[in-house]
Amino acid sequence: MSKQAASDTTRPEIPQAIRGTQDIFGAEAEAFGFVVETFERVRRHYRFRRVEMPVFEKTQVFSRSLGETTDVVSKEMYSFDDRGGESLTLRPEFTAGLARAYLTDGWQQFAPVRLATHGPIFRYERPQKGRYRQFHQIDAEIVGAADPLADIELLTMADQLLNELGIADGVTLHLNTLGDAASREAWRAALIAYFRDHRAELSEDSQDRLERNPLRILDSKDPRDKPFTADAPRIDDFLTAEAQDFFGRVTSGLDAAGVAWTRSPSLVRGLDYYRHTAFEFITDRLGAQGTVLGGGRYDGLIEALGGPATPAVGWAAGIERLAMLVGTKDEPTADVVIAVEDDAAIETGIRALAALRRAGFSAEVVATGSPRKRYDKAAKIPAKVLAGLSLADGAPRWRLRGDDAAQAQVRVVLDPSGA
RNA sequence: GCGAUUGUAGCUCAGUUGGUUAGAGCGCCGGUUUGUGGUACCGGAGGUCGAGGGUUCGAACCCCUUCAAUCGCCCCA
């Protein structure tokens with residue numbers, strides 16, 4: 001065993017995390033958990049039923065619902081072939097999978113069914129603030145409900161959620177209607193005609209959008225587009241009486257529920273199956289990624305998947321973004337920290353630790369390293385009671401620190417005899 | 001896919017016009033001090049300066065490539 005041989009043993013290279021993934025730890029993980037717990041509580045309040053969904057589906061589930069040709073499908077999904085040669089895709093959203101389950105699992109019998117779920121979502125995108133390749137969403141949908149009451153329920157729940165998370169300040173609900181299929185088509189045609197007349201003066205990006213996705217010109221960030229978007233045809237002029245009535249019932253319902261909203265005529269959805277209500281809760285505190293919760297009515301989706309015409313509405317929100325607004329949450333303080341200051345007392349320490357935990361206390365122990373430094377080390381751990389354990393004349397001796405009531409509770413467990 | 005900024009110890013960061021053996025604080029380990037105490041002092045471990053190539057007598061520093069992070073654009077289901 002030469003020195004040479006020892007130095008030749010190369011260490012394996014440490015693998016790095018996948019781009020766009022994140023390891024959430026400590027105070028940030030607490031904030032993440034707080035978001036999920038709050039969502040679960042609110043969702044029960046609103047009588048939404050919990051669903052657990054697979055993280056992957058056949059690729060068609062998403063490609064059919066999103067439209068085969070869009071960038072979204074061709075570039076931004078995590079797709080792969082399984083061993084049988086079938087194309088599968090990690091879910092880029094919850095909605096399509098839930099719609100599939102609605103059809104394949106016979107949930108039509110429960111319609112209108114109120115669904116809530118949460119978990120990881122995958123999109124092949126360039127990471128930036130609040131955008132990751134694997135991130136997490138909470139999601140709520142009502143499938144099989146044509147009435148605006150469903151939209152109101154969902155929006156009211158979202159509003160309450162943001163309030164219970166304590167992040168409603170600086171967040172506003174932007175609301176729009178895309179009308180029914182007829183309204184939407186008429187508006188779209190008018191927009192194309194209007195922007196075509198100003199084509200040369202639009203930004204390059206918007207000239208491109210004119211062909212692919214004209215509605216998106218409306219929320220262009222380019223200052224060159226602003227003068228034209230301001231005067232563009234508005235959906236209101238194209239709404240059918242039915243569509244107008246639908247939107248009116250949504251807004252008056254929100255007013256009745258005490259949910260503040262603001263009309264945002266440029267809020268659009270690129271995909272054709274969106275109808276009527278579209279909404280986003282937007283914060284002014286998250287830079288370019290200001291949308292914290294968004295959704296709308298997608299009455300055309302389930303048909304696109306081959307099912308019967310089924311009205312549905314829903315929303316989703318990124319947990320990380322919500323957690324960012326929540327800020328970090330302190331990890332819970334321990335009830336007791338034990339410092340075993342003498343190795344001969346280790347078993348007494350272990351016994352006490354087990355007894356405390358069985359009695360319902362959260363507890364940890366410091367019993368390694370230099371014995372004389374253990375007390376200081378334990379003192380740095382946030383705890384209600386600090387219990388130093390040493391030996392005096394061979395007998396275990398506890399010294400407790402903390403407020404009197406907490407000390408007394410702990411002492412009962414450490415020394416049941418009361419001696 | 002495009003652009004800008006940034007990668008030095010476990011963490012936060014210094015590091016001069018390119019010049020001996022790359023530093024500090026915190027954290028970690030050990031020793032001493034204190035002994036109802038979150039103190040102070042001493043010591044130690046830990047880095048092929050993100051990776052690969054190039055220029056140079058000499059590169060953490062200059063050039064190219066690449067990977068990653070951050071922020072923005074595109075896109076946003």
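We name chains A, B, ... by the order of the sequence lines, and we start the count at 1 in each one. All heavy atoms count here, side chains included; hydrogens, waters and symmetry mates do not.
By the 4.0 Å N-to-carboxylate-O rule, A:Asp236 lies close enough to A:Arg263 to be salt-bridged with it. Salt-bridge annotation for A:Arg249 and A:Asp151: absent, with no side-chain N of the basic residue lying under 4.0 Å from a carboxylate O of the acidic one.
Nearest to the side-chain atoms of A:Glu125 among the listed nucleotides B:C75, B:G35, B:C74 stands B:C75.
Between A:Ile381 and A:Glu280, the residue whose closest nucleotide on RNA chain B is further toward the 5' end is A:Ile381.
Between B:A9 and B:A22, the distance separating the two C1' atoms is 11 Å to the nearest Å. Using atom P as the reference point in both B:C62 and B:G25, the two lie 27 Å apart (nearest Å). For B:G35 and B:U16, the P atoms lie 47 Å apart once the distance is rounded to whole Å. When the P atom is compared between B:U12 and B:G27, the two are found 15 Å apart, to the nearest whole Å. Distance noted for atom P between B:U66 and B:C74: 25 Å (whole Å). Going from the P atom of B:G3 to that of B:U48 covers 32 Å, rounded to whole Å. For the P atom pair drawn from B:A24 and B:G15, the interatomic distance equals 15 Å after rounding to whole Å. Comparing the same atom, C1', in B:C73 and in B:U17 gives a spacing of 38 Å after rounding to whole Å.
Distance, A:Arg212 CZ to B:G1 P: 17 Å, rounded to whole Å. One interatomic measurement links the two molecules: CG of A:Asp219 to C1' of B:C76, which rounds to 10 Å at whole-angstrom precision. A:Glu320 has its CD atom 16 Å from the C1' atom of B:C76, to the nearest Å. Atom CG of A:Leu400 is separated from atom C1' of B:U36 by 11 Å (rounded to the nearest Å). Rounded to whole angstrom, the span from the CZ atom of A:Phe281 across to the P atom of B:C76 amounts to 22 Å. Between the P atom of B:G37 and the CZ atom of A:Arg397 lies a distance of 14 Å, rounded to the nearest Å. One atom, CZ of A:Arg374, and another, C1' of B:G35, lie 17 Å apart when rounded to the nearest Å. Rounded to an integer number of Å, the gap from OH of A:Tyr273 to P of B:C76 is 12 Å.
Atom CD of A:Glu28 is surrounded by 12 or fewer heavy atoms from other residues, nucleotides or ligands within 6.0 Å. At most 12 heavy atoms of other shown residues, nucleotides or ligands fall within 6.0 angstrom of atom CG in A:Asp404. Within 6.0 Å of CG in A:Asp330 there are 12 or fewer heavy atoms belonging to other residues, nucleotides or ligands. Remark: A:Arg224 CZ is packed, more than 12 non-hydrogen atoms of other residues, nucleotides or ligands lying under 6.0 Å away.
Geometrically, A:Arg184 does not engage A:Phe238 in a cation-pi contact defined by less than 6.0 Å to the ring centre and at most 45° from the axis.
The distance from the CG atom of A:Leu254 to the CZ atom of A:Phe279 is 9.5 Å, given to the nearest 0.5 Å.
Taking 4.5 Å as the limit, some side-chain heavy atom of A:Leu162 sits within range of a side-chain heavy atom of A:Leu322.
Of all the heavy atoms in A:Pro148 and A:Val250, the pair that sits closest is CB-CG2, 3.7 Å.
Evaluation of atom-type donor-acceptor distances gives a pair under 3.5 Å for the side chain of A:Arg131 against the base of B:C75. At a cut-off of 3.5 angstrom, counting only N and O atoms as typed in the model, there is a donor on one side and an acceptor on the other between the side-chain of A:Arg399 and the base of B:U36.
Nucleic acid contact class of A:Asp208 (heavy atoms, under 4.0 Å, all strands): none. Within 4.0 Å (heavy atoms only), A:Asp376 reaches at least one base atom of the nucleic acid. A:Gln16 comes within contact range of the sugar-phosphate backbone alone, with a heavy-atom separation under 4.0 Å but no base atom that close. Using a 4.0 Å heavy-atom criterion, one finds that A:Tyr274 contacts the sugar-phosphate atoms exclusively.
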Please write out each protein N/O paired with an N/O of nucleotides 69-71 of chain B under 3.5 Å, distance rounded to 0.1 Å.
| from | atom 1 | to | atom 2 | distance (Å) |
| --- | --- | --- | --- | --- |
| B:A69 | OP1 | A:Gly20 | N | 3.2 |
| B:A69 | OP2 | A:Arg19 | NH1 | 2.9 |
| B:C71 | OP2 | A:Lys129 | N | 3.0 |

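Applying the side chain to side chain donor-acceptor pair (under 3.5 Å) test to every pair with at least one member in residues 310-325 of chain A, sequence neighbours left out, gives these pairs: A:Gln22-A:Glu320, A:His136-A:Glu320, A:Gln289-A:Arg321.
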Side chain to side chain donor-acceptor pair (under 3.5 Å) evaluation trace for A:Gln160 with A:Tyr46: CA-CA 10 Å; A:Gln160 183 164 348; A:Tyr46 281 76; 2.6 Å; yes
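Residues forming a side-chain hydrogen bond (donor to acceptor under 3.5 Å, both in side chains) with A:Ser183 (at least two apart in sequence, or on another chain): A:Asp180.
With the 3.5 Å cutoff on both pairing distances, Watson-Crick and G-U pairs in RNA chain B assemble into runs of at least 3 at B:1-7 with B:67-73, B:10-13 with B:23-26, B:28-32 with B:40-44, B:50-54 with B:62-66.
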Which side-chain N or O atoms in residues 337-347 of chain A pair as donor and acceptor under 3.5 Å with protein atoms at least two apart or in another chain?
| from | atom 1 | to | atom 2 | distance (Å) |
| --- | --- | --- | --- | --- |
| A:Asp342 | OD1 | A:Ala344 | N | 2.9 |
| A:Asp343 | OD1 | A:Arg374 | NH1 | 3.1 |
| A:Asp343 | OD1 | A:Arg374 | NH2 | 3.0 |

Under 4.0 Å protein heavy-atom contact, by nucleotide of nucleotides 27-32 of chain B - B base, S sugar-phosphate only: S-SBBB
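In this structure, A:Arg123 does not reach the B:C75 phosphate: none of its side-chain N or O atoms is under 4.0 Å from OP1 or OP2.
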